[in-house]
Amino acid sequence: MLVVEDEPPLQKFLRTALETNGYDVVEAANGTSALRHASNDRPDLVLLDLGLPDMDGLEVTRRLREWTRIPIVVVSARGQEGDKVAALDAGADDYVTKPFGVPELLARIRVALRHAAATQGSPGESAISLGDLNIDLANRRITRSGEEVHLTPNEFRLLAVLVKNPGRVLTHRQLLHEVWGPGSGNESHYLRVYVNQLRQKLEPEPVRPTLILTETGVGYRFRSD
């Protein structure tokens, strides 16, 4: 795992926490070094601070996304919704705000690694079961307790994007682009309507969703298990 952090005390803290939990750690204190290590060492995941001395972490993310799908988990003191959206739109897989607890950080890392493994390891697998809900993307068939659930084309496209990215936060802009195309702009009310419709059809309790989870002000995530 590549840890990109320029504050020595936090760098030491992260190394200790990660190595204690079985991860091998490579460190970088700036963006230039981070890009070099990512290319040479090919780590399983990048843990990335945004406030680096030579370039912003957003630029590091964009440059990495030019050639790799390696999971990127941002760890930053910038806690505003706009900062989170910018990082996720740039290509980060998740965002953890400082200060944070080690259990939360480890959980976010596990989710990012699971998502990467599912995406790379079994690209043909398109059917999942969650309780009494079965989603077969290849055959465009959704059933709940054995009964077929009818989705509109846009509902199906939205569900497919979410299901293919389990545990990953997808921003409003990313979802709009994938479902309605690049000309959809910032029409986030489309998402609210269609997410609510999906919840009504798929969730056991739509007012307390457990499948399609809201990341307030940022976007949505599909449960990862």
Side-chain angles (χ1 to χ4, degrees), residues 69 71-74 81-97 104 107-123 125-182 184-225:
R69 290 303 310 166
I72 301 171
V73 177
V74 168
E81 289 175 357
D83 297 313
K84 296 178 182 179
V85 170
L88 294 165
D89 277 341
D93 293 85
D94 208 343
Y95 194 108
V96 181
T97 304
E104 177 193 3
R108 300 293 186 97
I109 288 171
R110 289 193 297 269
V111 168
L113 290 172
R114 280 202 303 270
H115 173 252
T119 302
Q120 298 168 10
S122 48
E125 189 174 341
S126 59
I128 64 170
S129 296
L130 295 166
D132 63 355
L133 179 66
N134 290 282
I135 301 173
D136 186 345
L137 297 180
N139 294 303
R140 300 178 69 89
R141 189 166 187 266
I142 317 297
T143 60
R144 183 176 169 188
S145 299
E147 297 290 327
E148 189 157 359
V149 178
H150 296 283
L151 301 182
T152 68
N154 280 342
E155 287 172 350
F156 181 84
R157 282 195 289 270
L158 176 58
L159 179 64
V161 173
L162 290 165
V163 168
K164 289 176 181 177
N165 293 275
R168 182 182 178 190
V169 181
L170 297 173
T171 67
H172 298 133
R173 184 180 302 172
Q174 289 169 330
L175 289 168
L176 286 166
H177 185 277
E178 290 290 333
V179 179
W180 285 276
S184 56
N186 294 314
E187 304 293 340
S188 59
H189 62 277
Y190 287 159
L191 286 178
R192 288 195 297 272
V193 170
Y194 279 91
V195 166
N196 285 336
Q197 289 173 184
L198 282 177
R199 285 170 171 167
Q200 290 294 327
K201 294 180 178 182
L202 304 180
E203 298 274 6
E205 296 183 70
V207 296
R208 285 184 284 274
T210 59
L211 299 175
I212 303 173
L213 308 177
T214 299
E215 295 288 334
T216 304
V218 178
Y220 299 93
R221 119 175 33 225
F222 193 81
R223 70 185 266 190
S224 60
D225 57 347

- prompt: Hey, which of K84, R221, H172 is the one that makes side-chain hydrogen bond (donor to acceptor under 3.5 Å, both in side chains) with E215?
  reply: R221
- prompt: Which heavy atom in V149 sits nearest to a heavy atom in R144, and how many Å separate them?
  reply: CG2-CB, 3.8 Å
- prompt: At their closest point, which heavy atom of V169 faces which heavy atom of Q174, and how far apart are they?
  reply: O-OE1, 4.0 Å
task: Test I142 against K201 for side-chain contact (heavy atoms from CB on, under 4.5 Å), laying out the working first.
output: CA-CA 10 Å; I142 317 297; K201 294 180 178 182; over 6 Å; no
- request: Drop me the distance from T143's OG1 to L133's CG, to the nearest 0.5 angstrom.
  value: 7.0 Å
query: For Y95 and R108, which heavy atoms make the closest approach, and how far apart are they?
result: O-NH1, 3.0 Å
- prompt: Any side-chain heavy atom of L175 within less than 4.5 Å of one from L162?
  reply: yes
- prompt: Yes or no on side-chain contact (heavy atoms from CB on, under 4.5 Å) for H150 and F156, after CA distance, side-chain angles and deciding distance?
  reply: CA-CA 9 Å; H150 296 283; F156 181 84; over 6 Å; no
- request: Say whether, by atom type as modelled, one donor and one acceptor occur between the side chain of E178 and the main chain of L158 under 3.5 angstrom.
  value: no
message: Which residue in the set N165, L213, V161, L159 passes side chain to side chain contact (heavy atoms under 4.5 Å, CB included) when paired with F222?
response: L159
- prompt: Can you name the nearest heavy-atom pair linking D132 to S145, along with the distance?
  reply: OD2-OG, 2.7 Å
- prompt: Which atom pair, heavy atoms only, marks the closest approach of V73 to A112?
  reply: CG2-CB, 3.9 Å
query: Crowded around E148 CD? As in, over 12 foreign heavy atoms under 6.0 Å?
result: yes
statement: What one should report as the nearest heavy-atom pair of P206 and R199 is CG-O, 3.6 Å
field: CA sep, side-chain torsions, deciding dist, call: V74, L88, side-chain contact (heavy atoms from CB on, under 4.5 Å)
entry: CA-CA 9 Å; V74 168; L88 294 165; over 6 Å; no
- line: Interatomic distance, CG@L211 vs CD@E203, rounded to 0.5 Å, equals 4.0 Å
